[in-house]
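Below, chain A is the first sequence line, B the second, and so on; all start at residue 1.
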Amino acid sequence: EVSSEEFSRRHLSFQRATIRHTYLNSFSTETQSAKYGINQFSDLSQEEFRDLYLGAVYERAPLFSGLSVKE
Amino acid sequence: LPDKFDWRDKAAVAPVQDQQACGSCWAFSVVGAIQSVHAIGGSQLEQLSVQQVVDCSYQNAGCNGGSTTRALNWLKQTRMKLVTQSEYPYKAKTEICHFFSQSHSGVAIKNFTTHDFSGQEKAMMGQLVQYGPLVAIVDAVSWQDYLGGIIQHHCSSQWSNHAILIVGYDTTGDIPYWIVQNSWGTRWGNEGYVYIKIGGNICGIADSVAAVFL
């Protein structure tokens with residue numbers, strides 16, 4: 001049960017997702033390539049998705065030198 | 001290095017979990033690596049508490065996000081023992097840190113390494129085989145729409161925003177790929193897993209990679 005305002009918002013996010021899918025799938029030329037389409041996140045805007053699910057903070061790491069500490 | 005390697009084949013990877021609407025991916029990836037390395041060391045595979053890390057890793061922001069490096073550093077410095085998931089269950093919201101007595105059993109880390117493996121993904125494969133599943137940070141913006149298959153496009157490096165657990169790789173087919181466990185439940189992707197092309201630092205998978213030692 002959602003308000004008509006929220007329903008409209010979710011519907012718009014869903015429509016935008018389908019447009020995104022067409023673009024993303026246009027690169028999938030090989031059988032093993034990634035496929036993009038409707039899933040549990042399709043009625044979220046990209047901003048909502050980032051805010052809710054992408055919670056990692058990147059911290060720069062030193063380049064791997066190829067040598068272990070012992071070496 | 002073997003052509004393909006998967007820690008799931010060695011019963012060292014716990015089932016896919018669902019972080020729900022909580023930005024706790026950083027805690028799931030860190031705890032996932034610890035419980036795997038614990039199992040690789042000969043202990044029984046058991047799910048450890050993600051909620052403990054979410055609540056108690058004070059330098060991070062719980063469900064509002066966090067850094068895997070800061071979480072590992074906190075675990076190393078404090079020698080905090082992670083209790084089991086059943087003793088400290090996941091709530092998908094940040095709560096007050098619950099402390100356990102020093103005598104309470106749990107798993108603590110001794111050390112960890114974090115490196116940038118960009119341009120050196122073969123060396124990263126070596127680390128995976130040698131030390132166990134690896135914690136990594138990726139750009140997962142396009143993963144909102146992912147259904148399955150090997151990701152080769154639509155991801156950037158150096159714009160990482162999501163923490164995951166690399167559990168294996170497969171180089172036997174036309175496109176070599178990393179096998180990555182995500183924390184968005186089994187309904188997403190390949191039963192909760194995502195495959196990422198090896199080489200080219202796709203999604204920034206090699207930008208910041210951590211191995212843990214118990």
Side-chain angles (χ1 to χ4, degrees), chain A residues 1-3 5-71, chain B residues 19-26 29 60-61 63-70 113-120 123-124 127 137-138 140-154 158-164 173-175 177 184-185 187-189 194-195 204 207-210:
Chain A
E1 286 184 20
V2 293
S3 65
E5 190 187 333
E6 185 172 1
F7 180 83
S8 299
R9 200 158 49 83
R10 300 253 166 255
H11 190 240
L12 183 62
S13 296
F14 194 86
Q15 286 177 317
R16 285 179 175 158
T18 59
I19 295 167
R20 268 199 324 270
H21 301 158
T22 306
Y23 170 74
L24 293 169
N25 284 323
S26 68
F27 289 75
S28 301
T29 51
E30 293 155 271
T31 50
Q32 285 181 290
S33 295
K35 300 286 184 294
Y36 300 88
I38 304 299
N39 65 15
Q40 70 266 46
F41 301 130
S42 297
D43 66 347
L44 296 177
S45 70
Q46 286 185 296
E47 292 72 29
E48 282 176 306
F49 176 74
R50 280 178 213 187
D51 290 346
L52 290 172
Y53 294 94
L54 305 182
V57 177
Y58 167 69
E59 290 189 25
R60 189 175 288 276
L63 198 64
F64 182 67
S65 68
L67 297 173
S68 71
V69 174
K70 273 183 192 168
E71 285 167 319
Chain B
Q19 67 186 68
Q20 303 168 51
C22 165
S24 54
C25 56
W26 56 278
S29 60
N60 288 309
C63 283
N64 291 323
S67 147
T68 52
T69 307
R70 267 183 252 160
T113 57
T114 309
H115 285 113
D116 175 350
F117 283 93
S118 48
Q120 303 183 81
M124 194 168 137
Q127 294 253 313
I137 309 290
V138 293
V141 169
S142 67
W143 295 15
Q144 178 176 3
D145 304 298
Y146 177 75
L147 295 179
I150 305 170
I151 293 180
Q152 303 165 73
H153 310 282
H154 315 305
Q158 307 258 309
W159 291 97
S160 302
N161 41 47
H162 184 53
I164 45 84
D174 293 338
I175 309 165
Y177 61 89
W184 294 344
R187 283 195 304 144
W188 179 87
V194 51
Y195 306 136
D207 278 339
S208 180
V209 179

Task: Most contacts with chain A, counted as non-hydrogen pairs under 4.5 angstrom, among Ala210(B), Gly173(B), Ala123(B), Ala140(B) - done: Ala140(B)
TODO: Any chance you could lay out the side chain to side chain contact (heavy atoms under 4.5 Å, CB included) test for Tyr58(A) and Thr69(B), step after step, and finish with the verdict?
DONE: CA-CA 9 Å; Tyr58(A) 167 69; Thr69(B) 307; over 6 Å; no
Task: Inter-residue atom distance Gln32(A).CD - Tyr177(B).OH, 0.5 Å rounding - done: 7.0 Å
Task: Residues of residues 10-22 of chain A contacting chain B, heavy-atom criterion under 4.5 Å, by residue number - done: Ala17(A), Arg20(A), His21(A)
- [ ] Give, for atom CG of Leu63(A) and atom OG of Ser118(B), the distance between the pair rounded to the nearest 0.5 Å.
- [x] 5.5 Å
Open item on the list: Which atoms of Gln20(B) are under 4.5 Å from chain A, going by heavy atoms: the side chain, the backbone, both sets, or neither?
Closed with: backbone
Task: Gln144(B) portion near chain A, given a 4.5 angstrom heavy-atom threshold - done: both
Open item on the list: Minimum heavy-atom separation for Gln120(B) and Phe64(A), please, with both atom names.
Closed with: NE2-O, 2.8 Å
Task: chain B contact via Glu48(A) - side chain, backbone, both or neither, heavy atoms under 4.5 Å - done: neither
- [ ] With a 4.5 Å cut-off on heavy-atom pairs, point out which of Cys25(B), Ala163(B), Ala21(B), Gly66(B) contacts chain A the most.
- [x] Gly66(B)
- [ ] For the pair Lys35(A) and Tyr146(B), evaluate side chain to side chain contact (heavy atoms under 4.5 Å, CB included) and give the outcome as yes or no after the intermediate values.
- [x] CA-CA 6 Å; Lys35(A) 300 286 184 294; Tyr146(B) 177 75; over 6 Å; no
Open item on the list: Given heavy-atom pairs under 4.5 angstrom as the criterion, report whether the side chain, backbone, both or neither of Cys22(B) touches chain A.
Closed with: backbone
Task: Residue, of Leu54(A), Thr31(A), Asp51(A), that accumulates the most heavy atom pairs under 4.5 Å with chain B - done: Leu54(A)
Task: Inter-residue atom distance Tyr23(A).OH - Asp145(B).CG, 0.5 Å rounding - done: 12.5 Å
Open item on the list: Please output the residues of residues 38-45 of chain A in contact with chain B, using a heavy-atom cutoff of under 4.5 Å, in numerical order.
Closed with: Ile38(A), Asn39(A), Gln40(A), Phe41(A), Leu44(A), Ser45(A)
TODO: Could you tell me which of Asn64(B), Thr68(B), Ile175(B), Val138(B) has the largest number of non-hydrogen atom pairs under 4.5 Å with chain A?
DONE: Ile175(B)
Task: Value rounded to 0.5 Å, distance of CD in Gln19(B) from CG in Leu52(A) - done: 9.5 Å
- [ ] Ignoring hydrogens and angles, state whether a donor on the side chain of Glu59(A) or Ser208(B) is under 3.5 Å from an acceptor on the partner side chain.
- [x] no
TODO: Would you mind checking which part of Asp174(B) comes under 4.5 Å of any heavy atom in chain A, side chain (CB onward), backbone (N, CA, C, O), both or neither?
DONE: both
- [ ] Under 4.5 Å, counting heavy-atom pairs only, tell me which of Gly148(B), Gly185(B), Ser142(B) racks up the most with chain A.
- [x] Gly148(B)
- [ ] For the residue pair Trp184(B) and Tyr53(A), categorise the inter-ring angle as parallel (less than 30°), tilted (30 to 60°) or perpendicular (more than 60°).
- [x] perpendicular
TODO: Please state whether the side chain, the backbone, both or neither of Ile137(B) comes within less than 4.5 Å of a heavy atom of chain A.
DONE: side chain
